[in-house]
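To keep things clear, I will list the structure first and then write my remarks on it.
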Number of protein chains: 2
Amino acid sequence: MSTGMTGRERGDAAPMGSERHMRADAVRNRERILEAATTLMAVHGIDVPIDEIAELAQVGVGTVYRNYPTKGALFEALLLARITPLVAAARTAAAADEPGEAFVAFVRNLCEEFADFKALADAMVASGVDLSAAKNQISGELIDAVSRLLERAQGSGRIRPDVTIGDVSAMMAGLSHADPMLMDPSQRRRCVALVCDSLLVGARSVLPQCELSRSSPGAVRRGSRSS
Amino acid sequence: MSTGMTGRERGDAAPMGSERHMRADAVRNRERILEAATTLMAVHGIDVPIDEIAELAQVGVGTVYRNYPTKGALFEALLLARITPLVAAARTAAAADEPGEAFVAFVRNLCEEFADFKALADAMVASGVDLSAAKNQISGELIDAVSRLLERAQGSGRIRPDVTIGDVSAMMAGLSHADPMLMDPSQRRRCVALVCDSLLVGARSVLPQCELSRSSPGAVRRGSRSS
DNA sequence: TACTATACGGAACGATGGTTCCGTTTGTCA
DNA sequence: TGACAAACGGAACCATCGTTCCGTATAGTA
(Lines give C-alpha, C1' and ligand atoms only; values in the text may rest on other atoms or scores of the structure.)
Protein backbone atom coordinates (compact mmCIF):
# COMPACT_ATOMS: atom_id res chain seq x y z
CA MET A 1 0.00 0.00 0.00
CA SER A 2 0.86 3.65 -0.07
CA THR A 3 1.92 3.46 -3.65
CA GLY A 4 1.68 7.17 -3.63
CA MET A 5 -0.39 7.29 -6.72
CA THR A 6 -1.02 10.86 -7.59
CA GLY A 7 -4.30 11.28 -9.38
CA ARG A 8 -4.07 13.22 -12.58
CA GLU A 9 -6.51 16.04 -13.01
CA ARG A 10 -8.02 14.65 -16.15
CA GLY A 11 -11.00 12.58 -15.18
CA ASP A 12 -10.57 9.95 -17.84
CA ALA A 13 -8.79 6.85 -16.78
CA ALA A 14 -9.51 5.38 -20.19
CA PRO A 15 -7.59 6.46 -23.27
CA MET A 16 -7.72 10.14 -23.87
CA GLY A 17 -9.63 12.11 -26.43
CA SER A 18 -12.60 10.93 -28.40
CA GLU A 19 -12.09 7.64 -30.13
CA ARG A 20 -10.30 8.85 -33.20
CA HIS A 21 -8.74 6.26 -35.39
CA MET A 22 -7.17 3.76 -33.07
CA ARG A 23 -5.01 1.19 -34.68
CA ALA A 24 -6.53 -2.26 -34.61
CA ASP A 25 -3.66 -3.73 -32.62
CA ALA A 26 -3.95 -0.94 -30.08
CA VAL A 27 -7.61 -1.72 -29.52
CA ARG A 28 -6.87 -5.40 -29.15
CA ASN A 29 -4.08 -4.74 -26.71
CA ARG A 30 -6.15 -2.44 -24.58
CA GLU A 31 -8.76 -5.13 -24.22
CA ARG A 32 -6.13 -7.68 -23.35
CA ILE A 33 -4.68 -5.44 -20.67
CA LEU A 34 -8.06 -4.81 -19.13
CA GLU A 35 -8.78 -8.50 -19.14
CA ALA A 36 -5.47 -9.44 -17.60
CA ALA A 37 -5.73 -6.75 -14.97
CA THR A 38 -9.21 -7.90 -14.06
CA THR A 39 -8.10 -11.48 -13.70
CA LEU A 40 -5.10 -10.66 -11.56
CA MET A 41 -6.59 -7.93 -9.42
CA ALA A 42 -9.55 -10.15 -8.68
CA VAL A 43 -7.23 -12.58 -7.00
CA HIS A 44 -4.36 -10.49 -5.70
CA GLY A 45 -5.91 -7.11 -5.22
CA ILE A 46 -3.98 -3.99 -6.00
CA ASP A 47 -0.69 -5.64 -5.14
CA VAL A 48 -0.07 -7.26 -8.52
CA PRO A 49 3.00 -5.85 -10.22
CA ILE A 50 2.36 -4.14 -13.53
CA ASP A 51 4.90 -6.47 -15.11
CA GLU A 52 2.69 -9.43 -14.38
CA ILE A 53 -0.34 -7.79 -15.88
CA ALA A 54 1.71 -6.98 -18.97
CA GLU A 55 2.99 -10.50 -19.18
CA LEU A 56 -0.44 -12.06 -18.92
CA ALA A 57 -1.69 -9.65 -21.55
CA GLN A 58 1.28 -10.58 -23.73
CA VAL A 59 2.27 -6.97 -23.96
CA GLY A 60 5.18 -4.82 -22.85
CA VAL A 61 4.93 -2.62 -19.78
CA GLY A 62 5.20 0.41 -21.98
CA THR A 63 1.97 -0.54 -23.67
CA VAL A 64 0.21 -0.76 -20.35
CA TYR A 65 1.40 2.72 -19.44
CA ARG A 66 0.34 4.13 -22.77
CA ASN A 67 -3.22 3.11 -22.02
CA TYR A 68 -3.24 3.95 -18.33
CA PRO A 69 -0.78 6.64 -17.32
CA THR A 70 -0.35 5.16 -13.89
CA LYS A 71 -1.09 2.02 -11.99
CA GLY A 72 -3.66 3.89 -9.99
CA ALA A 73 -5.48 4.87 -13.16
CA LEU A 74 -5.76 1.27 -14.25
CA PHE A 75 -6.91 0.31 -10.79
CA GLU A 76 -9.56 2.98 -10.83
CA ALA A 77 -10.79 2.06 -14.26
CA LEU A 78 -11.48 -1.47 -13.10
CA LEU A 79 -12.94 -0.25 -9.87
CA LEU A 80 -15.39 2.11 -11.47
CA ALA A 81 -16.59 -0.66 -13.71
CA ARG A 82 -17.33 -2.72 -10.62
CA ILE A 83 -18.85 -0.07 -8.42
CA THR A 84 -21.21 1.49 -10.93
CA PRO A 85 -23.59 -1.47 -11.06
CA LEU A 86 -23.50 -1.69 -7.28
CA VAL A 87 -24.83 1.82 -7.02
CA ALA A 88 -27.65 0.92 -9.34
CA ALA A 89 -28.39 -2.19 -7.33
CA ALA A 90 -28.52 -0.20 -4.11
CA ARG A 91 -30.99 2.24 -5.65
CA THR A 92 -33.18 -0.54 -6.90
CA ALA A 93 -33.11 -2.19 -3.50
CA ALA A 94 -34.10 1.06 -1.84
CA ALA A 95 -37.23 1.10 -3.96
CA ALA A 96 -38.15 -2.49 -3.19
CA ASP A 97 -41.36 -3.44 -1.43
CA GLU A 98 -39.53 -5.10 1.42
CA PRO A 99 -36.62 -2.76 2.10
CA GLY A 100 -35.54 -4.76 5.13
CA GLU A 101 -35.08 -7.95 3.17
CA ALA A 102 -33.68 -6.01 0.24
CA PHE A 103 -31.10 -4.43 2.50
CA VAL A 104 -29.88 -7.74 3.81
CA ALA A 105 -29.80 -9.20 0.33
CA PHE A 106 -27.83 -6.24 -0.89
CA VAL A 107 -25.28 -6.57 1.87
CA ARG A 108 -24.92 -10.23 1.08
CA ASN A 109 -24.33 -9.40 -2.54
CA LEU A 110 -21.83 -6.74 -1.74
CA CYS A 111 -19.79 -9.23 0.23
CA GLU A 112 -19.84 -11.69 -2.63
CA GLU A 113 -18.56 -8.95 -4.91
CA PHE A 114 -15.77 -8.19 -2.48
CA ALA A 115 -14.78 -11.78 -2.40
CA ASP A 116 -14.89 -12.18 -6.16
CA PHE A 117 -12.82 -9.12 -6.83
CA LYS A 118 -10.26 -8.51 -4.19
CA ALA A 119 -9.25 -5.14 -5.59
CA LEU A 120 -12.68 -3.87 -4.61
CA ALA A 121 -12.06 -4.88 -1.05
CA ASP A 122 -8.67 -3.23 -1.15
CA ALA A 123 -10.33 -0.04 -2.29
CA MET A 124 -12.88 -0.24 0.46
CA VAL A 125 -10.16 -0.79 2.98
CA ALA A 126 -8.21 2.14 1.66
CA SER A 127 -11.24 4.41 1.92
CA GLY A 128 -10.40 7.61 3.57
CA VAL A 129 -6.97 7.67 2.08
CA ASP A 130 -6.45 10.08 -0.75
CA LEU A 131 -8.55 8.97 -3.67
CA SER A 132 -8.89 10.62 -7.01
CA ALA A 133 -11.92 12.78 -7.63
CA ALA A 134 -13.52 10.17 -9.84
CA LYS A 135 -13.25 7.45 -7.29
CA ASN A 136 -14.33 9.66 -4.46
CA GLN A 137 -17.40 10.59 -6.41
CA ILE A 138 -18.50 7.10 -7.28
CA SER A 139 -17.84 5.73 -3.83
CA GLY A 140 -19.71 8.70 -2.42
CA GLU A 141 -22.62 7.80 -4.64
CA LEU A 142 -22.48 4.25 -3.38
CA ILE A 143 -22.60 5.44 0.19
CA ASP A 144 -25.47 7.75 -0.58
CA ALA A 145 -27.43 4.96 -2.19
CA VAL A 146 -26.76 2.57 0.66
CA SER A 147 -27.72 5.25 3.13
CA ARG A 148 -31.10 5.68 1.51
CA LEU A 149 -31.53 1.94 1.42
CA LEU A 150 -30.67 1.71 5.08
CA GLU A 151 -33.05 4.50 5.99
CA ARG A 152 -35.94 2.88 4.21
CA ALA A 153 -35.09 -0.48 5.70
CA GLN A 154 -35.10 1.01 9.14
CA GLY A 155 -38.36 2.73 8.38
CA SER A 156 -39.90 -0.61 7.64
CA GLY A 157 -38.93 -1.77 11.09
CA ARG A 158 -36.87 -4.73 9.97
CA ILE A 159 -33.48 -3.18 10.65
CA ARG A 160 -32.26 -1.99 14.00
CA PRO A 161 -32.89 1.72 14.23
CA ASP A 162 -29.61 2.39 16.01
CA VAL A 163 -27.46 1.11 13.17
CA THR A 164 -25.75 3.83 11.15
CA ILE A 165 -24.26 3.93 7.69
CA GLY A 166 -20.90 4.17 9.43
CA ASP A 167 -21.54 0.85 11.12
CA VAL A 168 -22.49 -0.73 7.83
CA SER A 169 -19.44 0.61 6.05
CA ALA A 170 -17.17 -0.57 8.77
CA MET A 171 -18.71 -4.02 8.84
CA MET A 172 -18.45 -4.30 5.11
CA ALA A 173 -14.83 -3.29 5.25
CA GLY A 174 -14.18 -5.91 7.88
CA LEU A 175 -16.03 -8.59 6.01
CA SER A 176 -14.36 -7.65 2.76
CA HIS A 177 -11.01 -8.13 4.22
CA ALA A 178 -11.10 -11.79 3.43
CA ASP A 179 -8.00 -13.68 4.19
CA PRO A 180 -8.52 -16.69 1.95
CA MET A 181 -7.37 -19.02 4.69
CA LEU A 182 -9.60 -17.82 7.47
CA MET A 183 -12.31 -16.77 5.12
CA ASP A 184 -13.10 -19.35 2.50
CA PRO A 185 -16.42 -18.74 0.74
CA SER A 186 -18.52 -20.81 3.08
CA GLN A 187 -16.95 -19.27 6.16
CA ARG A 188 -17.53 -15.86 4.73
CA ARG A 189 -21.17 -16.61 4.13
CA ARG A 190 -21.54 -17.68 7.73
CA CYS A 191 -20.01 -14.44 8.93
CA VAL A 192 -22.21 -12.41 6.65
CA ALA A 193 -25.21 -14.23 8.05
CA LEU A 194 -24.09 -13.49 11.58
CA VAL A 195 -23.56 -9.84 10.85
CA CYS A 196 -26.91 -9.60 9.10
CA ASP A 197 -28.56 -11.17 12.09
CA SER A 198 -27.08 -8.45 14.21
CA LEU A 199 -28.54 -5.81 11.93
CA LEU A 200 -32.02 -7.27 11.77
CA VAL A 201 -34.60 -6.78 14.46
CA GLY A 202 -35.36 -9.98 16.30
CA ALA A 203 -33.85 -12.25 13.70
CA ARG A 204 -31.86 -15.37 14.23
CA SER A 205 -31.22 -17.09 10.97
CA VAL A 206 -29.93 -20.56 10.39
CA LEU A 207 -26.27 -20.21 9.58
CA PRO A 208 -25.19 -21.72 6.30
CA GLN A 209 -23.18 -24.88 6.65
CA CYS A 210 -19.44 -24.41 6.69
CA GLU A 211 -17.65 -26.74 4.31
CA LEU A 212 -14.42 -26.48 6.18
CA SER A 213 -13.31 -29.48 8.16
CA ARG A 214 -14.65 -29.36 11.66
CA SER A 215 -12.10 -31.76 13.09
CA SER A 216 -11.26 -31.85 16.76
CA PRO A 217 -12.46 -28.80 18.64
CA GLY A 218 -9.94 -26.08 18.89
CA ALA A 219 -7.86 -27.03 15.92
CA VAL A 220 -8.25 -24.82 12.92
CA ARG A 221 -6.70 -26.38 9.88
CA ARG A 222 -3.92 -24.31 8.62
CA GLY A 223 -2.33 -24.67 5.24
CA SER A 224 1.16 -23.55 4.46
CA ARG A 225 1.48 -21.47 1.44
CA SER A 226 4.50 -19.38 0.64
CA SER A 227 4.03 -16.62 -1.86
CA MET B 1 3.17 -8.44 3.07
CA SER B 2 4.93 -11.42 1.64
CA THR B 3 8.23 -10.25 3.01
CA GLY B 4 9.36 -13.78 2.49
CA MET B 5 10.64 -14.19 5.96
CA THR B 6 12.12 -17.60 6.28
CA GLY B 7 11.86 -18.90 9.78
CA ARG B 8 15.09 -20.19 11.18
CA GLU B 9 15.03 -23.62 12.78
CA ARG B 10 16.15 -22.34 16.13
CA GLY B 11 13.11 -21.53 18.18
CA ASP B 12 14.60 -18.58 19.97
CA ALA B 13 13.81 -15.24 18.50
CA ALA B 14 15.64 -13.62 21.38
CA PRO B 15 19.43 -13.56 21.53
CA MET B 16 21.01 -16.94 21.19
CA GLY B 17 22.63 -19.12 23.77
CA SER B 18 22.25 -18.84 27.50
CA GLU B 19 22.86 -15.40 28.85
CA ARG B 20 26.59 -15.47 29.10
CA HIS B 21 28.35 -12.21 29.72
CA MET B 22 26.57 -9.65 27.65
CA ARG B 23 28.20 -6.31 27.48
CA ALA B 24 26.28 -3.61 29.29
CA ASP B 25 25.76 -1.53 26.17
CA ALA B 26 24.49 -4.57 24.32
CA VAL B 27 21.85 -5.17 26.95
CA ARG B 28 20.84 -1.56 26.90
CA ASN B 29 20.60 -1.54 23.14
CA ARG B 30 18.51 -4.66 23.00
CA GLU B 31 16.02 -3.11 25.32
CA ARG B 32 15.94 0.04 23.26
CA ILE B 33 15.31 -1.90 20.08
CA LEU B 34 12.48 -3.84 21.63
CA GLU B 35 10.97 -0.65 22.93
CA ALA B 36 11.24 1.17 19.63
CA ALA B 37 9.85 -1.78 17.70
CA THR B 38 6.92 -2.01 20.07
CA THR B 39 6.14 1.66 19.69
CA LEU B 40 6.31 1.63 15.93
CA MET B 41 4.67 -1.72 15.28
CA ALA B 42 1.82 -0.74 17.53
CA VAL B 43 1.00 2.08 15.18
CA HIS B 44 2.16 0.91 11.78
CA GLY B 45 1.98 -2.83 12.04
CA ILE B 46 4.61 -4.98 10.43
CA ASP B 47 5.20 -2.44 7.68
CA VAL B 48 7.67 -0.26 9.58
CA PRO B 49 11.09 -0.26 7.94
CA ILE B 50 13.87 -1.62 10.09
CA ASP B 51 15.76 1.61 9.54
CA GLU B 52 13.08 3.50 11.38
CA ILE B 53 13.16 1.13 14.29
CA ALA B 54 16.92 1.49 14.42
CA GLU B 55 16.70 5.25 14.26
CA LEU B 56 14.17 5.50 17.06
CA ALA B 57 16.31 3.16 19.12
CA GLN B 58 19.33 5.33 18.35
CA VAL B 59 21.16 2.34 17.03
CA GLY B 60 22.52 1.18 13.69
CA VAL B 61 20.62 -1.35 11.57
CA GLY B 62 23.44 -3.79 12.09
CA THR B 63 22.74 -3.79 15.79
CA VAL B 64 19.12 -4.63 15.20
CA TYR B 65 20.13 -7.57 13.05
CA ARG B 66 22.62 -8.80 15.60
CA ASN B 67 19.79 -9.17 18.08
CA TYR B 68 17.15 -10.44 15.71
CA PRO B 69 18.49 -12.24 12.68
CA THR B 70 15.57 -11.17 10.59
CA LYS B 71 12.70 -8.76 10.62
CA GLY B 72 10.32 -11.64 11.05
CA ALA B 73 12.16 -12.75 14.16
CA LEU B 74 11.75 -9.34 15.74
CA PHE B 75 8.12 -9.31 14.75
CA GLU B 76 7.56 -12.69 16.32
CA ALA B 77 9.32 -11.76 19.50
CA LEU B 78 6.95 -8.87 20.02
CA LEU B 79 3.99 -10.94 18.98
CA LEU B 80 4.68 -13.71 21.42
CA ALA B 81 4.94 -11.21 24.21
CA ARG B 82 1.47 -9.97 23.31
CA ILE B 83 -0.24 -13.27 22.70
CA THR B 84 0.94 -15.09 25.80
CA PRO B 85 -1.15 -13.06 28.25
CA LEU B 86 -4.13 -13.40 25.94
CA VAL B 87 -3.95 -17.15 26.24
CA ALA B 88 -3.93 -16.86 29.99
CA ALA B 89 -6.89 -14.49 29.88
CA ALA B 90 -8.86 -16.90 27.72
CA ARG B 91 -8.18 -19.73 30.15
CA THR B 92 -9.25 -17.65 33.08
CA ALA B 93 -12.41 -16.62 31.27
CA ALA B 94 -13.21 -20.23 30.50
CA ALA B 95 -13.22 -20.94 34.20
CA ALA B 96 -15.46 -18.01 35.05
CA ASP B 97 -18.86 -18.44 36.66
CA GLU B 98 -20.63 -16.72 33.80
CA PRO B 99 -18.86 -18.07 30.74
CA GLY B 100 -21.28 -16.34 28.40
CA GLU B 101 -20.50 -12.91 29.75
CA ALA B 102 -16.84 -13.82 30.10
CA PHE B 103 -16.74 -14.81 26.47
CA VAL B 104 -18.14 -11.53 25.28
CA ALA B 105 -15.86 -9.60 27.58
CA PHE B 106 -12.89 -11.54 26.25
CA VAL B 107 -13.81 -10.82 22.65
CA ARG B 108 -14.15 -7.15 23.48
CA ASN B 109 -10.74 -7.20 25.08
CA LEU B 110 -9.18 -8.96 22.16
CA CYS B 111 -10.41 -6.27 19.84
CA GLU B 112 -8.99 -3.56 22.03
CA GLU B 113 -5.67 -5.34 21.93
CA PHE B 114 -5.82 -5.48 18.16
CA ALA B 115 -6.47 -1.81 18.00
CA ASP B 116 -3.72 -0.95 20.46
CA PHE B 117 -1.13 -3.03 18.72
CA LYS B 118 -1.60 -3.12 15.02
CA ALA B 119 1.08 -5.74 14.48
CA LEU B 120 -1.14 -8.20 16.33
CA ALA B 121 -3.91 -7.55 13.88
CA ASP B 122 -1.49 -7.94 11.00
CA ALA B 123 -0.50 -11.31 12.37
CA MET B 124 -4.10 -12.37 12.77
CA VAL B 125 -4.81 -11.31 9.23
CA ALA B 126 -1.80 -13.21 7.95
CA SER B 127 -2.85 -16.36 9.77
CA GLY B 128 -2.62 -19.36 7.58
CA VAL B 129 0.41 -18.04 5.82
CA ASP B 130 3.68 -19.68 6.71
CA LEU B 131 4.41 -19.05 10.31
CA SER B 132 7.37 -20.21 12.31
CA ALA B 133 6.94 -23.12 14.64
CA ALA B 134 7.00 -20.88 17.69
CA LYS B 135 4.27 -18.65 16.43
CA ASN B 136 2.18 -21.51 15.19
CA GLN B 137 2.34 -23.06 18.61
CA ILE B 138 1.33 -20.01 20.57
CA SER B 139 -1.46 -19.07 18.22
CA GLY B 140 -2.61 -22.67 18.34
CA GLU B 141 -2.72 -22.40 22.10
CA LEU B 142 -4.76 -19.24 21.83
CA ILE B 143 -7.25 -20.93 19.56
CA ASP B 144 -7.45 -23.89 21.90
CA ALA B 145 -8.13 -21.65 24.85
CA VAL B 146 -10.77 -19.66 23.02
CA SER B 147 -12.36 -22.87 21.83
CA ARG B 148 -12.75 -24.08 25.38
CA LEU B 149 -14.11 -20.72 26.39
CA LEU B 150 -16.59 -20.82 23.55
CA GLU B 151 -17.69 -24.33 24.40
CA ARG B 152 -18.36 -23.46 28.00
CA ALA B 153 -20.14 -20.27 27.00
CA GLN B 154 -22.36 -22.23 24.67
CA GLY B 155 -22.96 -24.75 27.39
CA SER B 156 -24.25 -21.99 29.60
CA GLY B 157 -26.82 -21.15 26.95
CA ARG B 158 -25.77 -17.56 26.49
CA ILE B 159 -23.99 -18.02 23.18
CA ARG B 160 -25.58 -19.29 20.00
CA PRO B 161 -24.92 -23.00 19.76
CA ASP B 162 -24.33 -22.86 16.04
CA VAL B 163 -21.37 -20.52 16.28
CA THR B 164 -18.00 -22.19 15.73
CA ILE B 165 -14.48 -21.25 16.61
CA GLY B 166 -13.94 -20.67 12.91
CA ASP B 167 -16.66 -18.05 12.96
CA VAL B 168 -15.11 -16.37 15.94
CA SER B 169 -11.63 -16.34 14.40
CA ALA B 170 -12.94 -14.93 11.17
CA MET B 171 -14.93 -12.24 12.92
CA MET B 172 -11.95 -11.28 15.00
CA ALA B 173 -9.80 -11.07 11.91
CA GLY B 174 -12.36 -8.82 10.30
CA LEU B 175 -12.69 -6.63 13.33
CA SER B 176 -8.95 -6.47 13.77
CA HIS B 177 -8.53 -5.07 10.39
CA ALA B 178 -9.10 -1.59 11.62
CA ASP B 179 -8.59 1.01 9.03
CA PRO B 180 -8.10 4.04 11.20
CA MET B 181 -10.35 6.11 8.98
CA LEU B 182 -13.33 3.81 8.89
CA MET B 183 -12.62 2.42 12.30
CA ASP B 184 -11.89 5.02 14.90
CA PRO B 185 -12.10 3.63 18.44
CA SER B 186 -15.73 4.49 19.00
CA GLN B 187 -16.78 3.05 15.67
CA ARG B 188 -14.86 -0.08 16.46
CA ARG B 189 -16.61 -0.48 19.76
CA ARG B 190 -19.95 -0.18 18.04
CA CYS B 191 -18.99 -2.91 15.61
CA VAL B 192 -17.75 -5.13 18.37
CA ALA B 193 -21.05 -4.63 20.15
CA LEU B 194 -22.95 -5.54 17.02
CA VAL B 195 -20.89 -8.65 16.47
CA CYS B 196 -21.27 -9.67 20.08
CA ASP B 197 -25.01 -9.24 19.78
CA SER B 198 -24.94 -11.63 16.88
CA LEU B 199 -23.14 -14.19 18.99
CA LEU B 200 -25.37 -13.94 22.02
CA VAL B 201 -28.70 -15.66 22.32
CA GLY B 202 -31.58 -13.20 22.29
CA ALA B 203 -29.47 -10.19 23.07
CA ARG B 204 -29.81 -6.71 21.69
CA SER B 205 -27.50 -4.39 23.48
CA VAL B 206 -27.46 -0.63 23.42
CA LEU B 207 -24.76 0.36 20.99
CA PRO B 208 -22.13 2.67 22.40
CA GLN B 209 -22.33 6.19 21.12
CA CYS B 210 -20.21 6.96 18.10
CA GLU B 211 -18.15 10.11 18.50
CA LEU B 212 -17.85 10.58 14.80
CA SER B 213 -19.85 13.37 13.24
CA ARG B 214 -23.27 12.21 12.16
CA SER B 215 -23.86 15.07 9.76
CA SER B 216 -26.38 14.84 6.97
CA PRO B 217 -27.53 11.31 6.24
CA GLY B 218 -25.57 9.58 3.59
CA ALA B 219 -22.43 11.58 3.90
CA VAL B 220 -19.54 9.95 5.64
CA ARG B 221 -16.89 12.45 6.49
CA ARG B 222 -13.75 11.66 4.73
CA GLY B 223 -10.41 13.08 5.68
CA SER B 224 -7.54 13.30 3.29
CA ARG B 225 -4.36 11.93 4.63
CA SER B 226 -1.40 11.15 2.48
CA SER B 227 1.02 8.65 3.89
C1' DT C 1 4.64 -1.04 -52.47
C1' DA C 2 6.56 2.71 -50.02
C1' DC C 3 5.92 6.03 -46.40
C1' DT C 4 4.79 7.67 -41.92
C1' DA C 5 2.27 8.33 -37.81
C1' DT C 6 1.13 5.28 -34.34
C1' DA C 7 2.14 1.81 -31.24
C1' DC C 8 5.22 -1.51 -29.45
C1' DG C 9 8.74 -3.77 -26.23
C1' DG C 10 11.69 -3.91 -22.77
C1' DA C 11 16.04 -2.05 -20.96
C1' DA C 12 17.04 1.33 -17.71
C1' DC C 13 16.07 4.47 -13.93
C1' DG C 14 14.92 5.75 -9.21
C1' DA C 15 12.85 4.80 -4.87
C1' DT C 16 12.11 1.67 -1.15
C1' DG C 17 13.33 -1.74 2.06
C1' DG C 18 15.53 -6.12 3.87
C1' DT C 19 20.09 -7.92 4.76
C1' DT C 20 25.20 -8.29 4.85
C1' DC C 21 29.89 -6.85 5.57
C1' DC C 22 33.68 -4.78 7.48
C1' DG C 23 36.37 -1.13 9.49
C1' DT C 24 35.93 1.23 13.91
C1' DT C 25 34.66 1.79 18.72
C1' DT C 26 34.16 0.33 23.39
C1' DG C 27 33.32 -2.48 27.59
C1' DT C 28 35.71 -5.68 30.31
C1' DC C 29 39.32 -7.97 32.45
C1' DA C 30 43.96 -8.55 33.87
C1' DT D 1 46.28 1.18 31.55
C1' DG D 2 46.72 -1.88 27.73
C1' DA D 3 44.81 -5.57 24.96
C1' DC D 4 41.24 -7.97 22.85
C1' DA D 5 36.88 -9.89 22.10
C1' DA D 6 32.40 -8.13 21.67
C1' DA D 7 29.52 -4.91 19.78
C1' DC D 8 28.72 -1.01 16.96
C1' DG D 9 27.36 1.85 12.77
C1' DG D 10 26.04 2.51 8.43
C1' DA D 11 27.59 2.13 3.65
C1' DA D 12 26.77 -1.15 0.29
C1' DC D 13 24.28 -4.89 -1.76
C1' DC D 14 20.35 -7.04 -3.71
C1' DA D 15 15.58 -7.58 -4.91
C1' DT D 16 11.19 -5.57 -6.03
C1' DC D 17 8.32 -2.41 -8.34
C1' DG D 18 6.51 1.83 -10.49
C1' DT D 19 7.65 4.60 -14.29
C1' DT D 20 10.20 6.57 -18.33
C1' DC D 21 12.62 6.53 -22.67
C1' DC D 22 13.87 5.45 -27.09
C1' DG D 23 15.00 2.50 -30.92
C1' DT D 24 12.15 -0.65 -33.58
C1' DA D 25 8.02 -2.62 -35.76
C1' DT D 26 3.77 -2.12 -38.14
C1' DA D 27 -1.18 -0.72 -39.43
C1' DG D 28 -3.12 2.32 -42.42
C1' DT D 29 -2.92 4.96 -46.47
C1' DA D 30 -1.74 6.80 -50.97
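In the text below, chain A, chain B and the rest are named by the order of the sequence lines, each starting its count at 1.
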Problem - NZ/NE/NH1/NH2 to OD/OE distance under 4.0 Å, A:Asp144 and A:Arg148 - result: no
Handout entry: Any donor-acceptor N/O pair, A:Thr38 side chain to A:Leu34 backbone, under 3.5 Å
Key = yes
Fill in the blank from the handout: Walking DNA chain C from its 5' end, the first of A:Val61 and B:Arg28 to be reached, judged by nearest nucleotide, is A:Val61
Completion exercise
For B:Thr164 and A:Arg190 the tightest heavy-atom approach is CG2-NH2, 3.7 Å
Problem - Rounded interatomic separation in angstrom, taking CE from A:Met22 and P from C:dT6 - result: 12 Å
Practice task
Starting at atom CZ of B:Arg32, determine the distance to atom C1' of D:dA7, rounded to an integer number of angstrom.
Solution key: 14 Å
Handout entry: Phosphate OP1/OP2 of C:dT19: any B:Thr70 side-chain N/O under 4.0 Å
Key = yes
Handout entry: Nearest-angstrom distance from the residue atom CZ of B:Arg23 to P of D:dG9
Key = 10 Å
Exercise for the section: Please check the phosphate of D:dC8 (OP1 and OP2 only) for any side-chain N or O of B:Arg66 closer than 4.0 Å. Expected result: yes
Practice task
Would you kindly give the CD-to-P distance between B:Glu55 and D:dC8, to the nearest whole Å?
Solution key: 18 Å
Handout entry: Backbone N/O of A:Pro49 and side chain of A:Lys71: donor-acceptor pair under 3.5 Å
Key = no
Exercise for the section: Tell me which of A:Ile50 and A:Gly62 sits closer to the 5' end of DNA chain D, going by the nucleotide each one is nearest to. Expected result: A:Ile50
Exercise for the section: Measure from the side-chain heavy atoms of A:Lys71 and tell me the nearest of C:dA7, D:dG18, D:dC8. Expected result: D:dG18
Exercise for the section: Spell out, as yes or no, whether a donor-acceptor pair under 3.5 Å connects the side chain of A:Thr63 to the backbone of A:Val59. Expected result: no
Exercise for the section: May I ask you to verify if any side-chain N or O of B:Thr63 is less than 4.0 angstrom from the OP1 or OP2 atom of D:dG9? Expected result: yes
Practice task
For B:Gln58 and D:dA7, give me the distance from atom CD to atom C1', rounded to whole Å.
Solution key: 17 Å
Practice task
Under 4.0 Å between any heavy atoms, over every strand shown, what does A:Glu52 touch: base, sugar-phosphate, or nothing? Just pick one.
Solution key: nothing
Exercise for the section: Please report, rounded to the nearest Å, how far the P atom of D:dC17 is from the CG atom of A:Asp47. Expected result: 9 Å
Fill in the blank from the handout: B:Asp51 atom CG is separated from D:dG9 atom P, nearest whole Å, by 13 Å
Practice task
Indicate whether OP1 or OP2 belonging to C:dC8 is found under 4.0 Å from a side-chain N or O atom of A:Asn29.
Solution key: yes
Completion exercise
When B:Pro49 and B:Ala24 are each assigned the nearest nucleotide of DNA chain C, the 5'-most assignment goes to B:Pro49
Problem - Length of the OH-P vector between B:Tyr65 and C:dT19, whole Å - result: 4 Å
